[in-house]
Amino acid sequence: MTKFSDLKLDPKVLSAVAEAGYETPTPIQADAIPPALEGKDVLGIAQTGTGKTASFTLPMLTLLRRGRARARMPRSLVLCPTRELAAQVAENFDLYAKNTKLTRALLIGGVSFGEQDKLIDKGVDVLIATPGRLLDHFERGKLILTDVKIMVVDEADRMLDMGFIPDIERIFQLTPFTRQTLFFSATMAPEIERITNTFLHAPVRVEVARQATTGANITQKLIEVTPARRDQTAKTKREVLRAVIEGEGEACTNAIIFCNRKVDVDIVSKSLQKYGFDAAPIHGDLDQSQRTRTLESFREGTLKFLIASDVAARGLDVPAVSHVFNYDLPMHAEDYVHRIGRTGRAGRKGAAISIYVPADEKFLSGIESLIEQPIPRGELPEGFEISEGAKTAPVKRDDAKGGRGGRGGRSRSGSSSNGERPSRSRKPREDKPQPEAVETKAPEAAKAPSQKVDTPEEQQPERKSERTPERQAPEQRPAAAAPARHDANESDESRNRRARGGRGRRDRDNGPNVVGMGDHVPDFLTRSFRPGLIDSDEAMSETEDSAES
DNA sequence: AAAAAAC
């Protein structure tokens with residue numbers, strides 16, 4: 001069997017590989033490294049998790065050992081679709097270059113130019129970049145690409161998905177025709193084919209068998225959920241998520257929870273935090289520094305639950321994730337494979353549990369036909385019912401918590417988006433028998449305290465002095481205690497809701513009184529609800545709105 | 001139909 005030592009790598013590079021504990025190359029490494037070392041173009045068709053990064057890093061370093069970088073003229077270029085992937089490649093580079101004097105710069109967005117400029121000016125051997133920032137540097141005249149000897153395109157199909165192909169073509173054209181190109185893609189879409197035909201010269205095609213789409217060591221499960229009412233879908237899914245996580249118990253050492261939308265990443269993350277889970281969000285709208293920090297702590301194991309958009313679906317190397325949860329089924333079947341591929345890596349066991357609602361039917365059938373098998377249906381842990389079980393909320397209710405539960409159930413009705421007043425002025429439950437509506441609300445409120453009701457309070461002690469959280473259902477607290485970023489979401493949502501129907505409805509209900517209501521509103525609010533922060537904030541803004549209209 | 005990436 002081939003060893004790294006058989007591969008004609010530079011001794012300094014080889015020693016770093018050995019020091020990192022690697023002896024035997026993966027198939028793609030064994031196949032791609034030799035032609036790359038010969039200076040040939042390589043077209044690698046491989047998924048992430050196959051050892052792709054080293055398959056271009058090691059030959060690059062070896063080839064670059066001859067020669068030196070000149071100011072502003074990098075000698076090689078690695079392009080990645082996301083900042084995190086670029087950072088990861090940079091880490092790999094550091095690892096394997098540590099015994100050499102080769103230098104690199106990481107050019108990604110979201111961070112200041114200063115440091116990057118400095119490195120470029122000094123001259124680096126390798127630029128690792130996302131396309132936008134690279135072109136930005138170029139357009140500012142900071143960067144000369146005519147000395148690029150080796151160019152790597154990583155995750156080309158994802159670049160395609162993300163609309164980067166024009167940028168990639170442009171960058172290709174800025175580099176010398178004589179460069180060596182190493183090009184990696186998980187699939188060969190027609191557009192990818194076209195690019196490779198245009199920019200690669202007689203490439204050696206290296207293909208690793210498609211990852212068993214669903215690694216045998218990954219246990220998959222699908223939890224079917226039918227929410228009681230469509231407008232409760234999100235809340236129900238959060239309940240189910242918590243139940244499923246808790247159902248996994250100790251087996252779940254850490255997990256990535258995927259959502260399709262950034263806003264849901266924030267909401268789910270915040271919701272889990274509120275229930276005492278060690279959770280943090282990651283998606284493209286967050287500060288790069290926060291993204292980096294969050295990912296770092298997740299890797300270190302100090303963060304247990306990473307709530308993620310598909311920014312984290314592919315390529316992120318987090319060695320030991322015990323679980324992947326799909327809060328949303330991905331819309332693209334491919335992404336399902338990528339997402340669950342975050343667990344069960346390196347031969348470890350993994351579990352992938354997905355939440356399914358009827359609206360996901362299209363996505364599910366796409367996934368199941370891609371992986372050529374049905375995802376085994378699972379059940380919710382004890383206390384929950386599924387399938388027809390319109391409400392997945394537990395039917396049982398802990399009497400000891402009765403008072404709190406009842407109260408929580410009531411105040412929760414509109415708490416999640418500050419929609420108290422609109423929903424309150426709505427004709428009560430005209431579409432539902434009242435008892436049922438009550439029943440769907442009370443159980444969660446009752447269940448929540450039985451879980452970790454005290455934890456959120458411990459986590460947010462600074463709020464205690466301002467309000468009386470112990471009298472409020474957990475679901476209600478965070479809106480006030482939430483970080484500013486999320487508050488913005490919440491208030492947007494509530495603003496929209498008011499704009500759409502809340503106020504209109506109330507106008508109908510209350511007639512002209514509404515307009516002149518400003519001074520009276522606080523009174524009715526204080527009588528009907530706890531005068532918490534949420535309510536008074538809401539009262540303020542709505543009062544102002546009303547006064548203007 | 002959504003996310004990601006430049007400022």
Side-chain angles (χ1 to χ4, degrees), chain A residues 48 77-90 105-117 120 127-143 145 153-171 174 185-186 191 233-234 237 256-269 281-292 294-295 306-316 326-339 342 354 357-367 489:
Chain A
T48 55
L77 189 54
V78 181
L79 296 173
C80 305
T82 68
R83 298 168 184 173
E84 277 75 13
L85 278 174
Q88 207 166 275
V89 170
L106 176 63
L107 305 189
I108 58 175
V111 296
S112 70
F113 282 91
E115 191 112 339
Q116 298 177 1
D117 281 342
I120 294 172
L127 277 190
I128 302 154
T130 46
R133 181 54 75 99
L134 180 85
L135 286 172
D136 206 340
H137 277 286
F138 180 81
E139 279 157 13
R140 292 161 73 239
K142 287 283 181 184
L143 201 52
L145 294 176
V153 179
D154 197 10
E155 305 256 351
D157 54 339
R158 195 168 180 205
M159 302 250 199
L160 175 67
D161 288 349
M162 291 166 64
F164 278 157
I165 292 301
D167 287 348
I168 298 299
E169 290 190 71
R170 175 145 179 247
I171 295 166
L174 296 172
S185 183
E191 183 70 357
T233 302
K237 285 173 82 171
I256 305 178
I257 298 162
F258 285 104
C259 305
N260 289 354
R261 293 169 204 78
K262 289 178 281 197
V263 56
D264 288 326
V265 169
D266 285 331
I267 292 170
V268 170
S269 172
I282 187 165
H283 61 68
D285 279 354
L286 299 175
D287 280 355
Q288 188 56 40
S289 62
Q290 188 182 349
R291 283 165 64 167
T292 307
T294 298
L295 196 56
L306 182 69
I307 326 304
S309 70
D310 279 324
V311 70
R314 303 193 197 188
L316 279 199
N326 284 313
Y327 171 84
D328 295 310
L329 275 184
M331 302 183 223
H332 290 300
E334 290 277 334
D335 285 332
Y336 179 80
V337 178
H338 289 297
R339 287 181 181 184
R342 299 304 99 208
S354 304
V357 295
D360 294 332
E361 196 197 331
K362 280 198 310 278
F363 308 144
L364 179 62
S365 59
I367 291 164
N489 286 336

Shortest side-chain distance from [X], nucleotide among [options]:
{"X": "A:T130", "options": "B:dA6, B:dA2, B:dA3", "result": "B:dA6"}
{"X": "A:E84", "options": "B:dA6, B:dA5, B:dA4", "result": "B:dA5"}
{"X": "A:R83", "options": "B:dA4, B:dA6, B:dA2", "result": "B:dA6"}
{"X": "A:R291", "options": "B:dA2, B:dA5, B:dA6", "result": "B:dA5"}

Select base, sugar-phosphate, or nothing to describe what [X] touches, counting heavy atoms under 4.0 Å on all strands.
{"X": "A:P330", "value": "nothing"}
{"X": "A:N260", "value": "sugar-phosphate"}
{"X": "A:F164", "value": "base"}
{"X": "A:D161", "value": "base"}
{"X": "A:G110", "value": "sugar-phosphate"}

Nearest whole Å is fine: how far is [N] [atom2] from [X] [atom1]?
{"X": "A:L160", "N": "B:dA2", "atom1": "CG", "atom2": "P", "result": "20 Å"}
{"X": "A:L79", "N": "B:dA6", "atom1": "CG", "atom2": "C1'", "result": "14 Å"}
{"X": "A:N326", "N": "B:dA3", "atom1": "CG", "atom2": "C1'", "result": "15 Å"}
{"X": "A:Q288", "N": "B:dA6", "atom1": "CD", "atom2": "C1'", "result": "13 Å"}
{"X": "A:R339", "N": "B:dA2", "atom1": "CZ", "atom2": "P", "result": "14 Å"}
{"X": "A:D266", "N": "B:dA3", "atom1": "CG", "atom2": "C1'", "result": "14 Å"}
{"X": "A:F113", "N": "B:dA6", "atom1": "CZ", "atom2": "P", "result": "9 Å"}
{"X": "A:L329", "N": "B:dA2", "atom1": "CG", "atom2": "P", "result": "16 Å"}

(message) Could you check whether atom CD of A:E191 has more than 12 heavy atoms from other residues, nucleotides or ligands sitting under 6.0 Å from it?
(response) yes

(request) Might you confirm whether atom CD of A:E169 has over 12 heavy atoms from other residues, nucleotides or ligands at distances under 6.0 Å? (result) yes

OP1 or OP2 of [N] versus the side-chain N and O atoms of [X]: is any pair under 4.0 Å?
{"X": "A:R140", "N": "B:dA6", "result": "no"}
{"X": "A:S309", "N": "B:dA2", "result": "no"}
{"X": "A:K362", "N": "B:dA1", "result": "no"}
{"X": "A:T82", "N": "B:dA5", "result": "no"}

(message) Looking at every heavy atom in both A:P81 and A:M162, which two are closest together, and how far apart are they?
(response) O-CE, 3.4 Å

(request) Compare every heavy atom of A:V311 with every heavy atom of A:H283, then report the nearest pair and how far apart it is. (result) CA-CG1, 3.9 Å

(message) For B:dA3, does the base pair up with any side-chain atom of A:H332 as donor and acceptor (N or O, under 3.5 Å, distance only)?
(response) no

(message) So, using ring pair (Phe, Tyr, Trp, His ring centres under 6.0 Å) as the criterion, who are the partners of A:H137 when residues are at least two apart?
(response) A:F113

(request) Please name all residues satisfying ring pair (Phe, Tyr, Trp, His ring centres under 6.0 Å) with A:F138, sequence neighbours left out, ordered by chain then number. (result) none

